[in-house]
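By convention in this document, chain letters (A, B, ...) are assigned in the order of the sequence lines, proteins followed by strands, and residues within each chain are numbered from 1.
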Number of protein chains: 2
Amino acid sequence: MSNAYNRPDQLSPELRKRVLDTARRLGYPGPDPVARSLRTRKAGAVGLLLTENLSYAFRDPAAVGFLEGLALACEDAGHGLLLIPANPEHEDVAAVHSAGVDGFVVYSVPDDDPHLAAVMERPVPTVICDQPSISELDRVGIDDATAIKGLARHLIELGHRKIGVVCMRLARNRNDGPASPERQANAHFHVQRARLAALSEVFSEVGVEWDQVPVIERFDHTQESGGSAAAQLMEMDPEVTAVICTSDILALGALAEMRRQGRRVPQDLTITGFDGIVDAERAELTTVRQPVLEKGRAAGRLLLDASESTGQPREVVLDTQLITGSTAGSPRSVEERWFGP
Amino acid sequence: MSNAYNRPDQLSPELRKRVLDTARRLGYPGPDPVARSLRTRKAGAVGLLLTENLSYAFRDPAAVGFLEGLALACEDAGHGLLLIPANPEHEDVAAVHSAGVDGFVVYSVPDDDPHLAAVMERPVPTVICDQPSISELDRVGIDDATAIKGLARHLIELGHRKIGVVCMRLARNRNDGPASPERQANAHFHVQRARLAALSEVFSEVGVEWDQVPVIERFDHTQESGGSAAAQLMEMDPEVTAVICTSDILALGALAEMRRQGRRVPQDLTITGFDGIVDAERAELTTVRQPVLEKGRAAGRLLLDASESTGQPREVVLDTQLITGSTAGSPRSVEERWFGP
DNA sequence: CAGGCCTACTGAACCGTTACGGTTCCTGCA
DNA sequence: TGCAGGAACCGTAACGGTTCAGTAGGCCTG
């Protein structure tokens, strides 16, 4: 029966025609993809898990770039891309359990996310991107420590010693405000943890005590969050000369808010970002560019590549690039800052 | 067996525990989603078909907005969103046949697309968005004619009579250049056809002969296309005082190219777009805003709403809004244009 | 002419789950 | 003690396609 559809060489043309004709006459809608999937154990789709509302994937430019790359890889392999609804509020893992996919790409979820646990229970290949650092799984990412160290050294060369940090959420529970050193060290988002640790390391080398460095955390990843976090930071510690943000979105928000408050950037205050999104380029933000599209594509390739025979988990580490824009400059002395040059 | 997983109320807690324990011991990975789909006749996912490379969905801001809205609706219903790879070059319909979904959303495909035909053969509900106008199917869109007529009347009031048009692809075959009236009338992209027809109607009312109006078509929907199309247009007919683009992307490209050529907008030339994307706002483009996110959400709702009992195909028409930016002004006389004011 | 082989086609088992009906067993009431 | 009724549990039949073994018939060869 289904031979007529899929294996034209296995039967004579006239029988095939007869079968197809009667099938049409009977209103047969063609082979059922689900039944085929069950039998062949192939779904022809890749599942994407990310720990935000689904629509977030389309709001964050970095995520959009990643998705574009992933879509590219899927397309090459003729696979579909299934966006899995994983609301971070509800711990409803059903969507992961009911996703008919040949593998998962996990993007930017905390290492204690129940959805991630559910994915790992599924007997399909999985590629982790950026966020959780799980040793047994294939992984695509950047060297966060090295990347942000380059940025930090740049600021140190410019003369900055009084710095502050604005970072993205560190754990699944909301904490909009200062993040204690413990919270930093125990962060469930590996990327944020690595960046903070690297900053701590580099600045310690030049005598900056990390406990004294204000780190403001924001749960929501929006420009508004960046703005309010920067405001909170400057209120807590007005002597800060440089605000390091762990994402461009936050940095752009901080930039706008600081300028709104009448501070000149970079004369009065240095602001830096991370990611290298298009809007950052437009704003001439000093930042670290990471190849988001390539990241997505690499993740897809890793997942769909059949030559995964090696039992060893594979790892792809992509290069980053320091972008010196116009939002970082030398700090002015305190007198200058208060009384003008 | 699977009762233990899905129907805890049907059996006693200790049996459930025993079953689950032995299941784990035997390495049972949990109920198979594909088999469940087959049995329950539900896939828990919505398929999205669009006639571009998959990654295009993430490059065009209007498409991204649409996707965000669609994702929102899917999320509410706990459904996944499956992006179906439908390469417009290959007529490979297999991806449509093998998509395990409960329904399709078709976005912006030509009405003679083989993938669309394949979707219609599948016995699942389908919602059309914007592009193909198929009478039997549910549909979400805007009133393209009315929307662009408002824009056209605005230009007419400003005094424009010598206009040119830059439009997106009109059919599946590539034609980068002038589009003949026949090609316009036979366009397989309903939206483009409707807009051109509406423009023709309105300008005819004020004595403009449509055959004389240059319409430049571009296959690729990029800013580069918009720029080169505008250049070609002005070369063909230097007396044109207003370039109407059928998308913001094209308009932004035209704007950049015309300014690069030294023309002042709007003093020397008026340029308008369509869609109302963020970049257009930033560029103060005169355009028509359409609610792309709402469109996606409406499509999702329509598809997932069980109350589709009425045999009648449903239709949602969303409102649009004329945005008067700073890229449209009164035309200068020919003398002024050549010799300065 | 008989035996063997190849082609065209048919039938049945299996993929893993859910739905449903049937059986057992226990409790409560007369 | 007998019986009704319900809760708990179990067995089995689909769901629809793929695959593979098996069969019939035709053709070639010794």
Would you say a side-chain N or O of Arg41(B) is under 4.0 Å from OP1 or OP2 of dG16(D)?
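Indeed, a polar side-chain atom of Arg41(B) lies that close.
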Rounded to whole angstrom units, what separation is found between the [atom1] atom of [X] and the [atom2] atom of [N]?
{"X": "Lys42(A)", "N": "dG16(C)", "atom1": "NZ", "atom2": "P", "answer": "14 Å"}
{"X": "His97(B)", "N": "dG16(D)", "atom1": "NE2", "atom2": "C1'", "answer": "16 Å"}
{"X": "Asp32(A)", "N": "dC15(C)", "atom1": "CG", "atom2": "P", "answer": "19 Å"}

Ionic contact status for Arg174(A) with Asp220(A), cut-off 4.0 Å:
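Result for this pair is yes, salt bridge flagged.
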Measuring from the side chain of [X] (C-beta onward, heavy atoms only), which nucleotide among [options] has the closest atom?
{"X": "Leu38(A)", "options": "dG16(D), dG17(D), dC15(D)", "value": "dG16(D)"}
{"X": "Thr40(A)", "options": "dG16(C), dT18(D), dG16(D)", "value": "dT18(D)"}
{"X": "Arg36(B)", "options": "dT18(C), dG16(C), dT19(D)", "value": "dT18(C)"}

What is the minimum heavy-atom distance between [X] and [Y], and which atoms define it?
{"X": "Arg139(A)", "Y": "Asp130(A)", "result": "NH2-O, 3.0 Å"}
{"X": "Gly100(A)", "Y": "Ala43(A)", "result": "O-CB, 3.2 Å"}
{"X": "Val101(B)", "Y": "Arg122(B)", "result": "O-NH2, 4.2 Å"}

Examine the base of dA14(D) for any acceptor or donor lying under 3.5 Å from a partner atom in the side chain of Arg39(B), and report the outcome as yes or no.
yes
